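In this text, all values refer to a predicted model and were calculated from it rather than measured experimentally. Counting starts at 1 for both ligands and their atoms, in listed order.
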Amino acid sequence: MDTPHMADFVCPVITIDGPTASGKGTVAHRVAKHLGFHYLDSGALYRLTALLAKQKGVSLDDESAIAALARVLPCRFVHGHVFLDEVDVTDAVRAEAVGVAASQIAVLPAVRQALVDLQVAFRYAPGLVADGRDMGTVIFPDATLKVFLTASAQARASRRYKQLIEKGIAANMEDLVKDLTERDARDSSRATAPLKPAPGAFILDTSAINAEQAVAQVLAWYAEAPKP
Ligand code: CDP
């Protein structure tokens, strides 16, 4: 009789994809906490790669040089903090400019490919909540539950505005709406892994509901989903 292999054990994954400032991060994080699952912030990997490229003076359109950085990304996630080499870059990676740079390098197929194994490695027992743009379409197509979280551009810009002001970072609504509309266009129109709902994804519009209600809806869908 065959002995079971670790690889035979498929643990549950909930994917939460959607545009910038749709509330994915908050919802994914809370759902993971509620279920005792691990949490993958895939956007952080694109942000870390962009930050590293900037630090090393690599041009943001040099696909092979950036893919080489991404393949051996020296990052660690410890208790909500993100480290690049030994430096705590938790705040630095969240800067708007780094988000914009992340969406520029995210169009490069070799960079996306270089980050696949790192993302898949986050799937281990008891389960994973993965937040991003292509979690349900590309990285975890066999996910237990796929959610596409969205909200109007106005609702998303005012959320992002509040977050920045709370952190003491100067922000301007007009610039934010412009940035996020441009980022949406770039994320949705790129040839590789464009932002779109995965087949079978549940769509959740958070324009008029709060994070708590969104979390409750995702947990209710998960409770109903067939488990692996
Ligand atoms: O928090 P926010 O939604 O602004 O950004 P993020 O999730 O940290 O992602 C930053 C950028 O990385 C996005 O604009 C996407 O271009 C890219 N990204 C991606 O292409 N695929 C993912 N799975 C996650 C992020």
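- Considering every non-hydrogen atom in both Pro74 and Leu52, the closest pair reads CD-CD2, 3.9 Å.
- Within a 6.0 Å radius of CD in Gln55, more than 12 heavy atoms belonging to other residues, nucleotides or ligands are found.
- Residue, atom and distance of the protein heavy atom nearest to atom 11 (C) of ligand 1 are Ala102 CB, 3.8 Å.
- Residue-to-ligand polar distances place Thr20 within reach of ligand 1: an N/O pair is separated by less than 3.5 Å.
- Using 4.0 Å as the threshold, Arg112 has a heavy atom nearer than that to some atom of ligand 1.
- Nearest protein heavy-atom contact of atom 24 (C) of ligand 1 is Ser42 OG, 3.4 Å.
- Within the 4.5 Å cutoff, the side chain of Pro19 has heavy atoms near those of the Leu195 side chain.
- Close contacts of ligand 1 with Lys24, meaning ligand atoms under 4.0 Å from a residue heavy atom, involve 3 (O), 7 (O).
- The protein non-hydrogen atom at the shortest distance from atom 10 (C) of ligand 1 is Arg183 NH1, 3.8 Å.
- For the side-chain hydrogen bond (donor to acceptor under 3.5 Å, both in side chains) with Arg156, the qualifying choice from Thr20, Thr150, Asp184 is Asp184, the only one to do so.
- Within ligand 1, the atoms closer than 4.0 Å to a non-hydrogen atom of Gly43 are 6 (P), 7 (O), 8 (O), 9 (O), 24 (C), 25 (C), numbered from 1 in the order shown.
- Between Asp41 and ligand 1, no pair of N/O atoms sits closer than 3.5 Å.
- A salt bridge links Asp142 and Arg123; the closest N-O separation between the charged side-chain nitrogens and carboxylate oxygens is under 4.0 Å.
- Regarding atom 16 (O) of ligand 1, its nearest protein heavy-atom neighbour is Asp187 OD1, 2.6 Å.
- At a 4.0 Å heavy-atom cut-off, ligand 1 touches Arg94 through the side chain alone.
- Backbone and side-chain nitrogen or oxygen atoms of Gln119 are examined, and none is located within less than 3.5 angstrom of a nitrogen or oxygen of ligand 1.
- Every atom of ligand 1 with a heavy atom of Met135 under 4.0 Å away is listed here by number and element: 23 (N).
- With hydrogens left out, the protein atom closest to atom 7 (O) of ligand 1 is Arg133 NH1, 3.1 Å, a heavy atom.
- Of all protein heavy atoms, the one closest to atom 5 (O) of ligand 1 is Arg47 NH2, 3.2 Å.
- Remark: ligand 1 atoms within the under-4.0 Å shell around heavy atoms of Arg160 are 1 (O), 2 (P), 4 (O).
- In the displayed structure, His38 atom NE2 is contacted under 6.0 Å by more than 12 heavy atoms of other residues, nucleotides or ligands.
- No more than 12 heavy atoms of other residues, nucleotides or ligands shown are found within 6.0 angstrom of NZ on Lys56.
- Note on ligand 1: Arg186 sits outside its first shell, no heavy atom being nearer than 4.0 Å.
- Here the heavy atom of the protein found nearest to atom 12 (O) of ligand 1 is Tyr46 CB, 3.6 Å.
- Side-chain contact of Thr206 with Arg159: a donor-acceptor pair under 3.5 Å is present, judged by distance alone.
- Other residues, nucleotides and ligands place more than 12 heavy atoms under 6.0 Å from the CD atom of Gln213.
- Taking the centre and axis of the six-membered ring of Tyr222, the NZ or CZ atom of Lys227 falls inside the cone set by 45° and 6.0 Å.
- In summary, Lys178 and Glu182 engage in a salt bridge, as defined by a charged side-chain N under 4.0 Å from a carboxylate O.
- For the pair Asp131 and ligand 1, the shortest N or O to N or O distance does not fall below 3.5 Å.
- Proximity of Arg190 to ligand 1, defined as any heavy-atom pair under 4.0 Å, is confined to the side chain (atoms from C-beta onward).
- Ion pairing of Asp134 with Arg112 is present here, as a side-chain N (NZ or NE/NH1/NH2) and a carboxylate O approach within less than 4.0 Å.
- Protein heavy atom nearest atom 17 (C) of ligand 1, with residue, atom name and distance: Ala106 CB, 3.7 Å.
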